[in-house]
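Counting begins at 1 with the first residue of the sequence.
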Amino acid sequence: MQRRKLFAVALAGVLATGGLSACGDSPNANKDASNSKSADFLSIGMPNGTVTESNNPFLGTSAGASLGYRWTIYEPLGMWNNVKPSDPAKPWLASDIKWATDYKQLDVTIRDNATWSDGQKLTAEDVAYTFNLIKSNEALNIFALPIDQVTVAGSKVTVTFKSSQFTAWHKIISQIPIVPKHIWEKIADPAKDPIKEPVGSGPYTLKTFSQQGIVLERRESGYWQDKPAVKELRYTSYTDNNAQTTALASGQSEWSFVFIPNYQQTFVAKDPEHFKVWAPGVLGIHGLYINTTQAPFDDPKLRQAMNKVINRTDIFNQAEAGYFHPELKSVTGLPQGAGDAFVTEAFKGQTLAVDVEGAKKILTDAGYKLDGTTLKDKSGKPVTIKLSDPAPWSDYQTTLEIIKSNLAEIGIAATVEKPNQNVWDQNVQKGDFGGVMRWTNGGSTPFDIYQTVMDGDLLKPVGELAQQGNFGRFKSPEATAALKAYANATNDADRTTALATIQKIFVDQAPMLPVGSDNVGGAYSTKNWIGWPSDADPYGPMQPTQSGALDVIMHLKPANS
């Protein structure tokens, strides 16, 4: 789900826990709590199955990214709260953050009391080195930032960009991990190195990495702000949603982002006083990415027809338990509420609805033929597609089965594959798939949604890794130009004009079939720790893999305090 990244997971030391993870012998079992003693660790889980030993903070395939602990070791310049996306970022490693009015220049003042976990002082030179590292290494520049110049004057770093960063400011501030120059300048290939012994500025260091779990321990000295109350963070990657839910319901896991069918009965009812779910919405979506390089799915008419038969209501009720990824209504793919103000005039009131006959007409008008229950393309070949998502993600798996049934109504034969997350993520990034359910990035505007799907600046040849978007290899110079125009506009009128073009391409060419809206929620327990974000105090995301998770951990206090 932006968010499963997060949920996406490279070498030795495979971590995978099965049903035994939820038993009394789990390394996360809170035996102290059962004896009425104050807990000193927090158990965090994700249902990601196999992950591999990599702590490289720039790699979405690393265990650190998959489970979220990279942000407790490496810190950003500021904390952006995606629950309240229009709010300014909270200063973090930077004590002061200023953007030029055209968003082409960033000035940050670096704190003078931050140190790396090896004891060396963190300076403006480290921040400048990080930005130059990204500038010089395309594989690390996952946001395709057009960095121009990076200069240092005392504790101040100035970064200039070749274009406006109006739509990317929050990524630059909150989603770039700052790394130590004295360590990273000695790394031969920073885009591939697993960073077995990470050195960061965060309040935690890596203690152990094993098949049973990953443990991080609190730095007892040298951290630039007050130490967190939690002494240890214990991360476990469970085999699937069911194993993770069982661990939550038994108290073995205290915090997770996981889809829970019938969550009230399955989880909350087990301990109504302490077991909670908070799922705030954000401006991001989930949908079926289509590989537009594979015939006949390179034909937008075929993709339009597929879009018309997806039963989003069934998916919401059956796959998402009526709460997790709310059904999308607008043909623009924008979520209700968060996206309403961004629906342009041409599409106001136009909603997504199942229309099998309309889909068939699109196909026959385009030269396809329905031969009994088999759709044949213009060359007479049956139309088939392979759909895939990791087996542990039960909501996505149910979604794919529903889509498979929906596509059969227009004669498309779909098969559903269930690779492990490592394989799946590599396949998606390399463009080796037919169709996959996946999330988009999210931000303070719809730009991030559409960029993830259609931006030509993120387009990679099949076989090369596309880490941040355009997984379906959608090629549209017009869409790329409109995205640039939106990002660089200096007034709302120009942004609206660009957005109208973007939405027309998204609707007419259907590069991704939107299904549900996003959230950055989580299931958690207040038995041992309190201070979690809530409707009353939405200071950060509840999802433990977001960069804002560090802010959440810093807010936690013992329940008996």
Side-chain angles (χ1 to χ4, degrees), residues 1-3 82 85-86 166-167 281-290 292 300-313 315-316 320 325-355 358-359 362 399 403 406 435 437-456 458 469-472 474 476 478-487 489 492-519:
M1 301 173 237
Q2 187 187 333
R3 290 278 193 225
N82 42 1
S86 62
F166 172 77
T167 60
V282 293
L283 199 57
I285 66 173
H286 296 246
L288 187 73
Y289 287 78
I290 306 295
T292 63
K301 292 297 182 182
L302 177 57
R303 300 195 300 266
Q304 280 182 21
M306 294 168 67
N307 201 32
K308 280 186 171 292
V309 299
I310 292 181
N311 194 318
R312 294 166 176 85
T313 301
I315 290 172
F316 177 57
E320 302 300 340
H325 292 145
E327 178 184 355
L328 291 174
K329 302 290 187 180
S330 172
V331 294
T332 64
L334 297 185
Q336 287 182 280
D340 290 348
F342 298 101
V343 176
T344 53
E345 196 63 36
F347 300 109
K348 287 187 183 298
Q350 293 193 33
T351 57
L352 294 159
V354 175
D355 184 2
I362 290 174
T399 297
I403 291 175
N406 297 156
M437 277 295 300
R438 197 191 186 279
W439 57 95
T440 68
N441 291 329
S444 55
T445 73
F447 176 85
D448 296 85
I449 293 175
Y450 295 125
Q451 184 198 36
T452 311
V453 178
M454 303 192 297
D455 193 356
L458 303 180
N470 205 340
F471 307 108
F474 179 68
S476 170
E478 186 182 12
T480 303
L483 285 163
K484 278 184 167 62
Y486 183 86
D492 289 340
D494 288 344
R495 289 191 189 101
T496 299
T497 298
L499 188 57
T501 300
I502 293 166
Q503 290 182 354
K504 180 172 173 53
I505 295 169
F506 184 82
V507 173
D508 290 351
Q509 299 193 36
M512 177 255 225
L513 314 185
V515 173
S517 60
D518 204 3
N519 76 71

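- Taking both residues in full, the closest heavy atoms of A510 and Q304 are given as CB-N, 4.1 Å, listed atom of the first, atom of the second, then distance.
- The minimum heavy-atom distance linking P85 with N82 is given by the pair CD-O, 3.5 Å.
- One finds the OG1 atom of T292 at 12.0 Å from the CG atom of L302 (value rounded to the nearest 0.5 Å).
- By the 4.5 Å heavy-atom criterion applied to side chains, M454 and T480 are not counted as neighbours.
- Ring pair Y486/F447 is parallel by interplanar angle, where below 30° counts as parallel and above 60° as perpendicular.
- In this structure, the side chain to side chain contact (heavy atoms under 4.5 Å, CB included) partners of K504, at least two apart in sequence or on a different chain, are F347, D508.
- Residue L483 forms a side-chain contact (heavy atoms from CB on, under 4.5 Å) with just one option from T501, I502, L458, and that option is I502.
- Taken to the nearest 0.5 Å, the CG atom of L288 stands 13.0 Å off from the CZ atom of R438.
- Using modelled atom types, one side-chain atom of N470 and one backbone atom of D455 make a donor-acceptor pair closer than 3.5 Å.
- Between I290 and M306, the closest heavy-atom pair is CD1-CE, 3.8 Å.
- With K308 as reference, I362 is the one residue of N406, I362, L513, V354 to meet the side-chain contact (heavy atoms from CB on, under 4.5 Å) rule.
- Taking 4.5 Å as the limit, some side-chain heavy atom of Y289 sits within range of a side-chain heavy atom of T452.
- Distance CD/Q503 to CD/Q350: 10.5 Å, rounded to 0.5 Å.
- Between the CE atom of M512 and the CZ atom of F471 there is a distance of 10.0 Å, given to the nearest 0.5 Å.
- The main-chain N or O of I285 is found under 3.5 Å from a side-chain atom of T440 such that the two form a donor-acceptor pair.
- P446 and L334 make their closest contact through CB-CD2, 3.8 Å (heavy atoms, listed as atom of the first residue, atom of the second, distance).
- Counting only heavy atoms from C-beta outward, the side chains of L283 and D448 never approach each other to under 4.5 Å.
- A cation-pi arrangement is found for R495 relative to F166, the charged atom lying closer than 6.0 Å to the ring centre and inside a 45° cone about the ring normal.
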What verdict does the side chain to side chain contact (heavy atoms under 4.5 Å, CB included) test give for F342 and L499, after you've listed the backbone C-alpha separation in whole Å, the side-chain angles of each residue and the deciding distance to 0.1 Å?
CA-CA 8 Å; F342 298 101; L499 188 57; 4.1 Å; yes
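- With S517 contributing its side chain and P335 its backbone, the two residues share no donor-acceptor pair below 3.5 Å.
- In this structure, the side chains of I315 and I403 come closer than 4.5 Å at one or more pairs of heavy atoms.
- No side-chain donor from either of N519 and H325 sits under 3.5 Å from a side-chain acceptor of the other.
- Of the possible donor and acceptor atoms, none in the side chain of R312 sits under 3.5 Å from a partner among the backbone N and O of K329.
- Counting only distance, with no hydrogens or angles, the side chain of K348 and the backbone of V343 share a donor-acceptor pair below 3.5 Å.
- Across P514 and N307, no two heavy atoms sit closer than the pair CD-OD1, 3.8 Å.
- The closest donor-acceptor contact from the side chain of E320 to the backbone of E327 lies at 3.5 Å or more, if one exists at all.
- Of all heavy-atom pairs between T167 and A487, the closest is OG1-CB, 3.7 Å.
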